[in-house]
Amino acid sequence: MTDRELLAQIARSAGGKAGYKQLVRELGLGGGRERRLLLEQLARITARGDLVKTDREHWSIPKKSGGGTRDNLIAGRLDLHRDGYGFVRPNARQGSPKEDDVFIPPDEINGAMQGDQVLVELAPPRADGRRLGRIARILERRNPTVVGIFHYARSDREMGDRPGSPATGLGRWGGKVIPFDERMTQHIVIPFGQELPEIDEPATPHRVLGREAEHAVHHDDLEGLVVDVEITSWPTPTRPPIGRIIEVLGDPDDFGVDVEMMIRKHQLPRVFPDKVLAEARSVAYLDDVEVNRRRDFRGLPIVTIDGETARDFDDAVLVTERADGGYELQVHIADVAEYVGAGTDLDLEARLRGNSVYFPDRAIPMLPQELSTDICSLRPKEDRLVLSCLMQLSAAGRIDSFEIVEGVIRSAERMTYTAVHAILEGDSETRARYAPLVPGFERMRHVAGLMNQRREERGSIDFDLPEPVIEFDEQGQMRGVTKSERTWANRLIEEFMLAANECVATWLEDLGVPSLYRIHEKPEARRVVQFEELAASFGYSLGLGALPVKRIQTRGDRRDAQRTGRQVRTHEVPEDIAVTPKMYQKLAARIEGKPEERILSYLMLRSLRQARYSEINEGHFALAAPTYTHFTSPIRRYPDLIVHRITKTLLRAGVVGRAEVGEDRHASPWTHPHEALKGIVIHHAKKRRPGEGFSGEPPIPEAELAQIAEESSQAERRAAEAERELVEWKKVRFMENRVGEEFAALVLNPTKYGLFVELTDLFVEGLVPIDTLRDDRYTWRENTHEIIGDRWGRRFRAGDRVQVILDRILAQERRLQFSIVEEGIPLTGKKQPKQQTKSKTARKETAASGSKKKSRHIRKQKRH
């Protein structure tokens, strides 16, 4: 049953409301799998905003008030702030414009927790136009478990209840858990007797637990340990949540505990059900009949190029020269869809996970190892099924035509980025080891360079921002944080994958077949204006010219003017701005190598929207591509698997996989006529060539693709947040023993709170609070984005080089706090008198003393 049919079924019920048991009966659902699919479908439709969950087992169609006005109830996801207030982000509904967030004051949260789906009653809008509301009902709880630090109770009052209060009804408390998520401001109360989990079986081998966790069942000292808590009673406005401990993970400092903590905090699926593993084992074999049916590439010197620790190889490449001076680029992608059928247990599990999650020392795969590192992985010297994109390139590196086919390959070699980089840099030992393949790698480097030039011509943006890499020693202990190195060995694979993704997207769009696209929408006018103001303070601009604005007056401003007799306040709101990727690209080139490059690149990136998946093609702004999708990583991304499934269905239905690429495909949809190579502007129209359209039923309906796109985008954000947070956690832990040390740093971003700085050698960030700058009275100048001393005129701007001392570690908030060293650094303003300067040695001794006192205090707490 499609979503539309299910919505119609509910709409026909009395009052537009239906219960789970009613739907099971009316739809004649028998097995447990069918009922589970119904619940998943209802949850997806609810998250999209087309249904409202009225209680635990009932759903209704959202109601609208008469006269075309919007009802004052709105459903959405709650994001809390550590200060107690929150914002509800309304659920996006198909065909409706995006709505602004709703501010929820602390006293209107009404027992909701971070991430909950809630129903908000809107209040009258404020004078500034900001929407306010109160949480009227909690539709769906999103935190069945919470991970945090356990502390034993000292009194009932400490637990949030008066001694003997009838509100508890559970006897005396055993302890409390302080959530690691700082947005959860309430502790979780643990009743007496619920402190230790029931352990029926030994720990499963997929987890790495601390030594305390292994012995927790044998003693009762859990003080300070990381635990996972199941919520047994949700919070109310007058009482904190109550729960029971289901897992003891160990001491926060134990190896592996931080990863387990992030997995549970972000609710990442981590264990494959037995039936999924059984299905993976049953399909993990090579069918000789299928091999013989496909185009054979096994005699070619095709190679995979991946990282040193990679185990799932889902792409292989080959570049050959043509007789006419052009090139053929072959991109072969693991044919995962051959093994993961639609609607199977494997497919449902992969859809639930959405993608693989990669941590510094391990990964949570989307597919079981029988597939991800075995039959689907393009391992060297083994036959593997692939979907191949064969591209014909001109001598200038421009794609003239391409063909998509089902094939079989036998990878000649498993190469690493390190080895390919050594070959391209002329390392004699590495070149001798891979002598037969060296000419092929040099050819790849040449072709990738040409393709990169063609992308730059149309305006594709390439932010080369470094990413943190955690380094470990032989014992698995962290030894440092470095910047990732992006060499041409990495970049040539990037270029080839970008080209294959664009070709497949072009083919599917031209056929008019519903598919998934990877879209990156044009940036919001408001964010572009904000960036222009920031860039102007450094003497740069995107080159937008005069910005079009419209002037508005709010109803609240008019009321205030009538009451006070003053002139009505006018607000200027930027209208649509004709910003292009080429503008960003030119600015990135201008700041390359400058001191302000790091901060301006970061600010440029923040001004752009977040890329996402969609069933509607909106183009990819950053790539300046009219059509783009994800096709090249089906082992680790569910959208790629969906695109594979659509592609295979079309090929097996007899649709021709070949296509020519016209000149218009090389221009950017956001290019101004004076910027284009030939003044061509592409619009996102689905084009079909005569006789080559697909007239049958679409492989996957567009409504289902919309659901998959939303789920996959959310899973991607969830994984990225977990990966980023773990790296920040490890950075903080790494710096714990370095309190009192001095470092060279770069000012990344001055704010009203202080200076955000990045250590030059360690790639670690932290904050210098503005109130620690005690040699003067400092204020934040928003118009120039500076922190300026009122008396001596000392200025701090983004890009300044400073010396800092690590003052404090705020482990719970995962933050480092620094202070400025007052001697030996060039200032952008006047220096203060020397008698007011605190010496470097004195500051270091003070910081070290504070650190020792803090350590003694922590040890004393643990003893108690």
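Every heavy atom of this structure was used, including side-chain atoms; hydrogens, water molecules and symmetry mates were not. All figures in this text were calculated on a predicted structure; none of them were measured in a lab.
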Gap separating the CD1 atom of I246 from the CD atom of E230, nearest 0.5 angstrom:
5.5 Å
To the closest 0.5 Å, what do you measure between CG (L705) and CG (L516)?
5.0 Å
Quick check on salt bridge (Lys or Arg N to Asp or Glu O under 4.0 Å): which of R353, R636, R637, R518 does E716 satisfy it with?
R518
L810 side chain reached by L816 side chain, heavy atoms, under 4.5 Å:
no
Output for pair (C376 SG, L371 CG), nearest 0.5 Å, gives 4.5 Å
Any donor-acceptor pair under 3.5 Å from Q267 side chain to T145 backbone:
yes
First locate atom NZ of K176, then atom CD1 of I242, and finally report the distance between them rounded to the nearest 0.5 Å.
15.0 Å
Closer than 3.5 angstrom, by distance alone: can the side chain of E758 be matched with the main-chain N or O of V764 as a donor-acceptor pair?
no
Taking S712 for the side chain and A709 for the main chain, is one N or O donor matched with an acceptor at less than 3.5 Å?
no
Using the rule given for side-chain hydrogen bond (donor to acceptor under 3.5 Å, both in side chains), can you reason through Q369 versus D374, listing the C-alpha separation, both sets of side-chain angles and the distance that settles it, and then say yes or no?
CA-CA 7 Å; Q369 290 186 358; D374 191 358; over 6 Å; no
Hey, is the main chain of R142 close enough, under 3.5 Å, to the side chain of D116 for a donor-acceptor pair?
yes
Given side-chain hydrogen bond (donor to acceptor under 3.5 Å, both in side chains), test Y638 with D347 step by step and report yes or no.
CA-CA 9 Å; Y638 191 73; D347 182 49; 2.8 Å; yes
State whether the side chain of R239 and the backbone N or O of S233 hold a donor-acceptor pair below 3.5 Å, judged by distance alone.
no
Using ring centroids (six-membered ring only for Trp), state whether F180 and W729 fall under 6.0 Å.
yes
Do the side chains of V177 and V146 get nearer than 4.5 Å, heavy atoms only?
no
Sidechain-backbone polar pair: S713 side chain, Y613 backbone, donor-acceptor under 3.5 Å
yes
Qualifying residues under salt bridge (Lys or Arg N to Asp or Glu O under 4.0 Å), relative to E723, sequence neighbours excluded
none
Check whether any side-chain heavy atom of V643 sits under 4.5 Å from a side-chain heavy atom of H630, and report yes or no.
no
Is F734 atom CZ crowded by more than 12 heavy atoms from other residues, nucleotides or ligands, each under 6.0 Å away?
yes
Is it true that a side-chain atom of T185 and a backbone atom of G84 form a donor plus acceptor pair closer than 3.5 Å?
no
Measuring from L222:CG to I245:CD1, what's the distance to the nearest 0.5 Å?
5.5 Å
Heavy-atom pair with the smallest gap, counting every atom of P269 and I364
O-CG2, 3.4 Å
When rounded to the nearest 0.5 angstrom, what is the spacing between CD in Q186 and CG in L80?
9.5 Å
Has R606 got a side-chain atom pairing as donor or acceptor with Y602's backbone, closer than 3.5 angstrom?
no
Is it true that atom CZ of R82 has more than 12 heavy atoms of other residues, nucleotides or ligands lying nearer than 6.0 Å?
yes
Does the pair E728/K731 count as a salt bridge with the N-to-O cut at 4.0 Å?
yes
Of all residues at least two apart in sequence or in a different chain, which pass the salt bridge (Lys or Arg N to Asp or Glu O under 4.0 Å) check with E725?
K265, R814
Is there a side-chain contact between L39 and Y20, using heavy atoms and a 4.5 Å cut-off?
yes
Over 60° means perpendicular and under 30° means parallel, so classify the ring planes of H81 and Y85, tilted if in between.
parallel
When you look at CG of D83, are more than 12 heavy atoms from neighbouring residues, nucleotides or ligands closer to it than 6.0 Å?
yes
Would you call E247 and R270 a salt bridge, using N to O less than 4.0 angstrom?
yes
For the pair S372 (side chain) and I635 (backbone), establish whether a donor and an acceptor sit closer than 3.5 Å, ignoring hydrogens and angles.
no
State, with a plain yes or no, whether a side-chain heavy atom of L51 is found less than 4.5 Å away from one of W59.
yes
Check for a donor-acceptor pair, side chain of T236 on one end and backbone N or O of N110 on the other, with a separation under 3.5 Å.
no
Below 4.5 Å, heavy atoms only, C-beta onward: do D807 and V739 meet side chain to side chain?
no
V229 vs V147 side-chain heavy atoms within contact, under 4.5 Å
no
Salt bridge (Lys or Arg N to Asp or Glu O under 4.0 Å) filter on D258, not counting sequence neighbours, yields K730
